[in-house]
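These notes are about the structure you will find just below.
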Amino acid sequence: TLASTGIYRIVRDRLYFCSFNISLGFCLMCNTIPLWMYMLIFFPLCYGSAIKLEERFLEKKFGDIFKEYKKSVPAFFPLKIPASGLKTSFSLKLALKNKEHHNWIFILILLFVLVK
(Lines give C-alpha, C1' and ligand atoms only; values in the text may rest on other atoms or scores of the structure.)
Protein backbone atom coordinates (compact mmCIF):
# COMPACT_ATOMS: atom_id res chain seq x y z
CA THR A 1 0.00 0.00 0.00
CA LEU A 2 1.02 3.60 -0.56
CA ALA A 3 2.23 5.30 2.62
CA SER A 4 0.16 8.47 2.98
CA THR A 5 -0.14 8.93 6.74
CA GLY A 6 2.12 10.48 9.35
CA ILE A 7 4.90 12.56 7.81
CA TYR A 8 3.73 11.43 4.36
CA ARG A 9 0.63 13.62 4.85
CA ILE A 10 2.74 16.78 4.63
CA VAL A 11 5.64 15.87 2.29
CA ARG A 12 6.10 13.07 -0.25
CA ASP A 13 9.90 12.91 -0.18
CA ARG A 14 10.58 13.22 3.54
CA LEU A 15 14.02 11.58 3.39
CA TYR A 16 15.26 14.02 0.77
CA PHE A 17 13.70 16.95 2.62
CA CYS A 18 15.47 15.93 5.83
CA SER A 19 18.76 15.35 4.02
CA PHE A 20 18.44 18.83 2.52
CA ASN A 21 17.93 20.36 5.96
CA ILE A 22 20.86 18.45 7.44
CA SER A 23 23.08 19.55 4.55
CA LEU A 24 21.90 23.12 4.92
CA GLY A 25 22.74 22.96 8.63
CA PHE A 26 26.28 21.75 7.88
CA CYS A 27 26.71 24.50 5.29
CA LEU A 28 25.63 27.13 7.77
CA MET A 29 27.80 25.65 10.51
CA CYS A 30 30.98 25.28 8.42
CA ASN A 31 30.40 28.15 5.98
CA THR A 32 32.97 26.93 3.45
CA ILE A 33 32.80 27.46 -0.29
CA PRO A 34 33.19 23.76 -1.24
CA LEU A 35 30.34 22.75 1.03
CA TRP A 36 28.09 25.52 -0.31
CA MET A 37 29.00 24.48 -3.87
CA TYR A 38 27.94 20.92 -3.10
CA MET A 39 24.71 22.16 -1.63
CA LEU A 40 23.85 24.50 -4.49
CA ILE A 41 25.03 22.36 -7.42
CA PHE A 42 25.29 18.69 -6.62
CA PHE A 43 22.46 18.32 -4.13
CA PRO A 44 19.74 19.34 -6.65
CA LEU A 45 21.33 17.25 -9.40
CA CYS A 46 21.61 14.09 -7.32
CA TYR A 47 18.38 14.31 -5.37
CA GLY A 48 16.35 15.76 -8.24
CA SER A 49 17.03 12.75 -10.43
CA ALA A 50 16.46 10.35 -7.52
CA ILE A 51 13.08 11.95 -6.80
CA LYS A 52 12.03 11.71 -10.47
CA LEU A 53 13.02 8.03 -10.67
CA GLU A 54 11.25 7.21 -7.42
CA GLU A 55 8.07 9.00 -8.45
CA ARG A 56 8.00 7.23 -11.84
CA PHE A 57 8.29 3.92 -10.01
CA LEU A 58 5.51 4.85 -7.58
CA GLU A 59 3.27 6.01 -10.39
CA LYS A 60 3.72 2.69 -12.20
CA LYS A 61 3.14 0.72 -9.02
CA PHE A 62 0.16 2.66 -7.61
CA GLY A 63 -1.29 4.39 -10.69
CA ASP A 64 -4.18 6.77 -10.02
CA ILE A 65 -3.81 6.45 -6.24
CA PHE A 66 -0.33 7.96 -6.44
CA LYS A 67 -1.46 10.61 -8.95
CA GLU A 68 -4.16 11.80 -6.53
CA TYR A 69 -1.72 11.71 -3.62
CA LYS A 70 0.78 13.69 -5.71
CA LYS A 71 -1.84 16.41 -6.32
CA SER A 72 -2.55 16.92 -2.63
CA VAL A 73 0.90 16.51 -1.02
CA PRO A 74 3.96 18.59 -2.00
CA ALA A 75 7.07 16.71 -3.08
CA PHE A 76 9.79 18.45 -1.16
CA PHE A 77 8.83 21.50 0.91
CA PRO A 78 5.87 21.01 3.25
CA LEU A 79 3.41 23.84 2.66
CA LYS A 80 0.99 23.09 5.50
CA ILE A 81 0.65 20.71 8.42
CA PRO A 82 -2.76 19.08 8.85
CA ALA A 83 -4.70 20.36 11.85
CA SER A 84 -5.22 16.80 13.09
CA GLY A 85 -1.48 16.40 13.73
CA LEU A 86 0.85 13.55 12.89
CA LYS A 87 0.06 10.58 15.10
CA THR A 88 2.69 8.01 14.18
CA SER A 89 5.05 5.59 15.84
CA PHE A 90 8.69 4.92 15.05
CA SER A 91 9.56 1.51 13.61
CA LEU A 92 13.22 0.49 13.96
CA LYS A 93 12.55 -2.53 11.75
CA LEU A 94 11.24 -0.32 8.94
CA ALA A 95 14.07 2.21 9.37
CA LEU A 96 16.65 -0.59 9.03
CA LYS A 97 14.80 -2.08 6.06
CA ASN A 98 14.90 1.32 4.31
CA LYS A 99 18.61 1.66 5.18
CA GLU A 100 18.01 4.97 6.95
CA HIS A 101 20.74 4.09 9.45
CA HIS A 102 23.29 4.87 6.70
CA ASN A 103 22.38 8.56 7.03
CA TRP A 104 22.94 8.52 10.79
CA ILE A 105 26.31 6.80 10.41
CA PHE A 106 27.35 9.45 7.87
CA ILE A 107 26.18 12.26 10.17
CA LEU A 108 28.10 10.83 13.14
CA ILE A 109 31.29 10.48 11.07
CA LEU A 110 30.90 14.02 9.74
CA LEU A 111 30.31 15.42 13.23
CA PHE A 112 33.38 13.56 14.49
CA VAL A 113 35.50 15.05 11.68
CA LEU A 114 34.12 18.54 12.29
CA VAL A 115 34.65 18.40 16.06
CA LYS A 116 38.15 16.96 15.77
Side-chain angles (χ1 to χ4, degrees):
T1 59
L2 179 67
S4 60
T5 60
I7 191 73
Y8 294 104
R9 288 177 60 197
I10 60 170
V11 65
R12 289 193 312 263
D13 299 307
R14 89 307 173 216
L15 180 60
Y16 305 126
F17 174 69
C18 292
S19 295
F20 172 81
N21 284 306
I22 291 167
S23 297
L24 181 61
F26 282 124
C27 285
L28 292 169
M29 185 172 63
C30 298
N31 202 22
T32 64
I33 291 173
L35 204 51
W36 278 108
M37 287 181 66
Y38 162 78
M39 183 69 182
L40 297 173
I41 297 170
F42 296 111
F43 192 95
L45 291 174
C46 294
Y47 282 90
S49 59
I51 289 170
K52 285 179 185 174
L53 286 172
E54 186 174 308
E55 291 202 344
R56 271 193 229 132
F57 168 77
L58 291 170
E59 201 165 305
K60 283 181 186 176
K61 184 171 183 171
F62 297 108
D64 290 338
I65 294 170
F66 181 73
K67 288 178 186 176
E68 286 301 313
Y69 171 68
K70 197 173 173 180
K71 288 179 187 175
S72 62
V73 179
F76 198 77
F77 290 106
L79 302 175
K80 62 181 180 176
I81 296 176
S84 62
L86 301 172
K87 298 174 184 168
T88 61
S89 59
F90 177 75
S91 168
L92 179 61
K93 183 179 178 182
L94 187 58
L96 292 173
K97 179 183 175 191
N98 291 335
K99 299 179 182 171
E100 292 179 23
H101 60 285
H102 292 173
N103 291 325
W104 288 104
I105 292 168
F106 174 75
I107 290 168
L108 290 173
I109 291 169
L110 193 54
L111 283 173
F112 177 76
V113 169
L114 291 172
V115 170
K116 192 174 183 187

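We count residues from 1, following the sequence as given.
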Contacts of Ala75 meeting side chain to side chain contact (heavy atoms under 4.5 Å, CB included) (sequence neighbours excluded), chain-then-number -> Arg12, Asp13, Glu55
Evaluate the side-chain proximity of Val73 to Tyr8: yes if any heavy-atom separation is below 4.5 Å, no if none is.
no
For side chain to side chain contact (heavy atoms under 4.5 Å, CB included), just list the numbers for Tyr69 and Ile65, CA-CA rounded to whole Å, side-chain angles, deciding distance to a tenth of an Å, and then say yes or no.
CA-CA 6 Å; Tyr69 171 68; Ile65 294 170; 5.6 Å; no
Which residues pass the ring pair (Phe, Tyr, Trp, His ring centres under 6.0 Å) test with Phe20, sequence neighbours left out?
Phe43, Phe76, Phe77
Between atom CZ of Arg9 and atom OG of Ser72, what is the distance when rounded to the nearest 0.5 Å?
10.5 Å
Report the distance from atom CZ of Phe57 to atom CZ of Phe62, rounding to the nearest 0.5 Å.
7.0 Å
Does some side-chain heavy atom of Ile109 sit less than 4.5 Å from a side-chain heavy atom of Phe106?
no
Taking all atoms of both residues into account, what is the closest heavy-atom pair of Ser49 and Cys46, and its distance?
OG-O, 3.0 Å
Is it the case that one hydrophobic cluster holds both Leu53 and Ile51, taking links as side-chain heavy atoms less than 4.5 Å apart, direct or via other members?
no
List for me each residue that meets salt bridge (Lys or Arg N to Asp or Glu O under 4.0 Å) alongside Glu54, sequence neighbours excluded, and say none if there are none.
none
When rounded to the nearest 0.5 Å, the distance separating CG of Leu110 from CG of Asn103 is 12.0 Å
Only distances under 3.5 Å count here; give the side-chain donor-acceptor pairs of residues 22-37 to other protein atoms, sequence neighbours excluded, each with its distance to 0.1 Å.
unit_1, atom_1, unit_2, atom_2, d
Ser23, OG, Ser19, O, 3.0
Asn31, OD1, Trp36, NE1, 3.0
Trp36, NE1, Cys27, O, 3.4

Rounded distance [0.5 Å steps], CG in Leu111 versus CH2 in Trp104
9.5 Å
Return the set of residues passing salt bridge (Lys or Arg N to Asp or Glu O under 4.0 Å) with Lys97 (not counting sequence neighbours), or none when no residue passes.
none
Taking side-chain hydrogen bond (donor to acceptor under 3.5 Å, both in side chains) as the test, write out the residues that go with Lys61, two or more places apart.
none
Residues which pass side-chain hydrogen bond (donor to acceptor under 3.5 Å, both in side chains) with Glu59, listed by chain and number, not counting sequence neighbours:
none
Can you sort out the partners of Leu108 under side chain to side chain contact (heavy atoms under 4.5 Å, CB included), two or more places apart, ordered by chain and number?
none
Quick check on the hydrophobic clustering: are Tyr38 and Leu15 connected, directly or via other members, by side-chain heavy-atom contacts under 4.5 Å?
no
